[in-house]
Protein chains: 2
Amino acid sequence: MSAAAQLRGPARVEINEVAPRDGLQIEPVVVPTDGKVAFVDALSACGFARIEATSFTSARAIPALADAEAVMHQIQRYPGVRYTVLVPNLRGLERALSCRPDEVNLVMSASETHNRANLRMTREQSQAQLLAMIDAASTAGVPVNISLSTVFGCPFEGEVETDAVMALATRFAEAGAAGITLCDTTGMAYPTQVAALCERFQAALPGTGLTIHLHNTRGMGLANALAAWETGVTRFDAAAGGLGGCPYAPGASGNVSTEDLVHMFDCMGVQTGVNLGALLDAVAGLPELVGRDIHSQLLSAGPRLRTHQPPAWMAEHFAAQA
Amino acid sequence: MSAAAQLRGPARVEINEVAPRDGLQIEPVVVPTDGKVAFVDALSACGFARIEATSFTSARAIPALADAEAVMHQIQRYPGVRYTVLVPNLRGLERALSCRPDEVNLVMSASETHNRANLRMTREQSQAQLLAMIDAASTAGVPVNISLSTVFGCPFEGEVETDAVMALATRFAEAGAAGITLCDTTGMAYPTQVAALCERFQAALPGTGLTIHLHNTRGMGLANALAAWETGVTRFDAAAGGLGGCPYAPGASGNVSTEDLVHMFDCMGVQTGVNLGALLDAVAGLPELVGRDIHSQLLSAGPRLRTHQPPAWMAEHFAAQA
């Protein structure tokens with residue numbers, strides 16, 4: 001198969017596995033610390049570039065991740081894997097920095113209503129807080145990534161202005177953020193929109209690492225990933241088993257599933273560094289970890305070249321014809 | 001949102017709704033004729049370019065579609081909709097032609113093992129039969145489309161040679177087929193492969209209508225549709241509710257769901273002629289039609305700009321701050 005003339009992208013991408021944080025924070029059960037540590041260790045063995053291991057949110061806000069310090073102290077640190085953690089405020093940053101993360105990930109929304117609903121602050125308050133956290137993390141020598149939620153649409157407001165997204169991204173990049181993640185928080189993104197925003201971002205902020213965070217809410221998860229990749233994006237968030245979701249978007253499914261994303265890149269000959277077989281083993285263990293069924297399309301169907309036996313009647317039928 | 005520089009395709013596409021044939025043939029229940037007719041009529045009202053209404057297979061092979069003549073006689077023929085039917089052999093063609101279809105769709109596989117398993121013939125036998133059927137249909141003045149199965153991979157053999165696919169397509173185009181459908185029968189296609197084959201097909205056979213038939217088995221359905229669209233493809237098969245599947249690929253899910261595909265094109269500003277609201281109403285009726293749950297991502301989540309109410313505590317919380 002010759003390469004397509006009209007469909008090209010980078011030869012190598014990095015996958016940031018977010019299920020330990022973005023997935024487990026929304027599951028109805030609290031996974032014991034041992035289970036979380038074993039899950040992160042299994043993911044580390046898969047070869048991910050980054051793993052978002054936990055969140056230093058208050059135990060009251062997200063009880064499921066109240067054991068963030070314990071998780072960070074007990075996981076194995078694999079060489080080549082960057083362990084990042086979500087941090088919501090200065091108090092959380094202090095806790096996080098004591099655990100030596102390779103990076104901290106801060107979050108706010110591009111739309112006012114989602115920021116208020118999700119973070120209980122105005123965007124102005126959030127931005128001021130994030131700028132203070134960038135300063136504090138930089139002083140501690142820890143790189144900062146900013147995840148901007150609802151950049152492709154807000155479940156309360158609808159369309160979100162690209163100019164507002166770029167203004168926020170530019171402000172944080174200028175303040176010293178090493179990377180920015182553009183998040184399709186509730187699966188409202190579509191391919192031409194993703195491509196246009198990714199192109200604009202990369203043209204405006206060439207020195208800032210761009211990550212795309214996609215959901216599969218309306219079936220477009222991999223189509224949007226493809227669109228981003230075609231514009232040169234090399235960093236993708238994804239969650240094993242498609243875990244995750246958003247409490248403010250009823251009916252929404254979770255993150256793009258890591259196994260589907262890695263498999264698509266594998267098929268296209270794009271290097272991810274992730275061992276798909278090891279990842280599928282980790283996905284197979286998810287139902288026991290979270291105590292519910294997990295539907296993974298790739299786990300059900302297998303990689304594309306998994307072949308099957310022809311029906312038993314065939315050999316005899318065609319032998320009789322011959 | 002400005003258009004993306006690197007992600008472009010045709011401004012208008014045609015959707016061929018195949019659920020009445022490709023979906024209902026594999027459902028465990030036999031849908032009564034009245035139900036089928038009402039389903040096709042509901043789809044006609046949505047504005048599809050084409051509807052594959054039934055199959056003139058033997059009642060023994062596919063009992064679920066034994067009422068093909070009754071369906072074709074009872075459906076309403078909407079102006080602007082082309083009603084096509086699947087025809088497996090000359091006997092079926094005779095039956096089909098008596099029902100005045102706008103087109104007949106003939107089928108064979110690009111891979112030998114799948115052709116034998118699915119059609120109980122060698123590819124050589126199938127090809128000879130299809131050529132005879134093209135002659136007979138042309139004599140009757142009815143256009144012929146050929147659906148080539150397993151062109152992106154075979155569930156028994158694995159990879160399928162592109163040269164073999166192009167040789168078949170060329171043979172049928174030269175024999176007078178008006179259109180060819182490249183079918184990803186068990187969801188083995190991936191975007192760069194789809195783009196490369198579509199480019200090659202359109203360069204080699206510019207006068208032959210090219211349709212792409214995709215499954216979502218490994219989550220890449222819409223990504224593959226996007227890839228095909230980027231190369232200029234304007235015709236897409238899809239099944240309402242993602243009905244369909246393949247008996248030879250255990251664990252495989254069905255066709256790309258029409259509502260997800262139409263929604264993606266709607267988002268991108270690509271005209272399909274299909275009314276998404278009317279289509280979602282038809283999808284909502286599928287569980288009653290086929291007697292089982294149908295998971296439609298788009299029906300669950302709604303179109304992307306469906307907005308929700310912010311949480312009730314928000315207004316009071318921020319009023320207290322002010």
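On a predicted model such as this, the values are computed, not experimentally measured, just so you know. Throughout, a chain's letter reflects where its sequence line sits, starting with A, and its residues are numbered from 1.
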Side chain from CB out, backbone as N, CA, C, O: work out which of these in Asn224(B) comes under 4.5 Å of a heavy atom of chain A, or both, or neither.
neither
Euclidean distance, Gln193(A) CD relative to Met268(B) CE, rounded to 0.5 Å:
11.5 Å
Separation between CZ (Arg218(A)) and CD (Glu259(B)), nearest 0.5 Å, reads 13.0 Å
Quick one: pull up OG1 in Thr192(B) and CH2 in Trp229(A) and give me the separation to the nearest 0.5 Å.
6.0 Å
Using every non-hydrogen atom in the two residues, find where Phe156(A) and Pro311(B) come nearest and quote the distance to one decimal.
CZ-CD, 4.1 Å
Which atoms of Met314(B) are under 4.5 Å from chain A, going by heavy atoms: the side chain, the backbone, both sets, or neither?
side chain
The interface call for Cys198(B) against chain A, heavy-atom contacts under 4.5 Å, is neither
What's the shortest heavy-atom distance between Gln297(A) and Gly219(B), and which atoms?
NE2-CA, 3.2 Å
Pair count under 4.5 Å, heavy atoms only, with chain B: among Ser296(A), Gly158(A), Pro310(A), Ser257(A), highest is Pro310(A)
With a 4.5 angstrom heavy-atom cut-off, could you sort out which part of Thr122(A) is near chain B: side chain, backbone, both or neither?
both
Mind listing the closest non-hydrogen atom pair of Ala223(A) and Leu226(B) along with its distance?
O-CD2, 3.5 Å
In terms of heavy-atom pairs under 4.5 Å with chain B, which of His317(A), Met264(A), Arg120(A), His263(A) leads?
Arg120(A)
Tell me, side chain or backbone of Glu161(A) under 4.5 Å from chain B's heavy atoms, or both, or neither?
neither
Between the SG atom in Cys267(B) and the CE atom in Met188(A), the distance rounded to the nearest 0.5 Å is 9.0 Å
Between Asn216(A), Leu299(A), Val256(A), which residue shows the highest count of heavy-atom pairs closer than 4.5 Å to chain B?
Asn216(A)
Which one wins on heavy-atom pair count under 4.5 Å against chain B: Met121(A), Glu159(A), Glu157(A)?
Glu159(A)
Counting heavy-atom pairs under 4.5 Å to chain A, which of Leu298(B), Leu222(B), Asp260(B), Leu261(B) comes out on top?
Leu222(B)
Output the option from Gly187(A), Gly221(A), Gly153(A), Gly302(A) having the highest count of non-hydrogen pairs under 4.5 Å with chain B.
Gly302(A)
How many angstroms lie between atom OG1 of Thr186(B) and atom CZ of Arg306(A), to the nearest 0.5 angstrom?
12.5 Å
For Arg292(A), is the CZ atom crowded, meaning more than 12 foreign heavy atoms sit under 6.0 Å from it?
yes
Is Arg116(A) positioned over the aromatic face of Phe318(B), cation under 6.0 angstrom from the ring centre and no more than 45 degrees off axis?
yes
Heavy atoms of Cys154(A) and Thr307(B) approach each other most closely as O-CG2, 4.2 Å
Minimum-distance pair of heavy atoms, taken over all atoms of Ala301(A) and Thr217(B):
CB-CG2, 3.5 Å
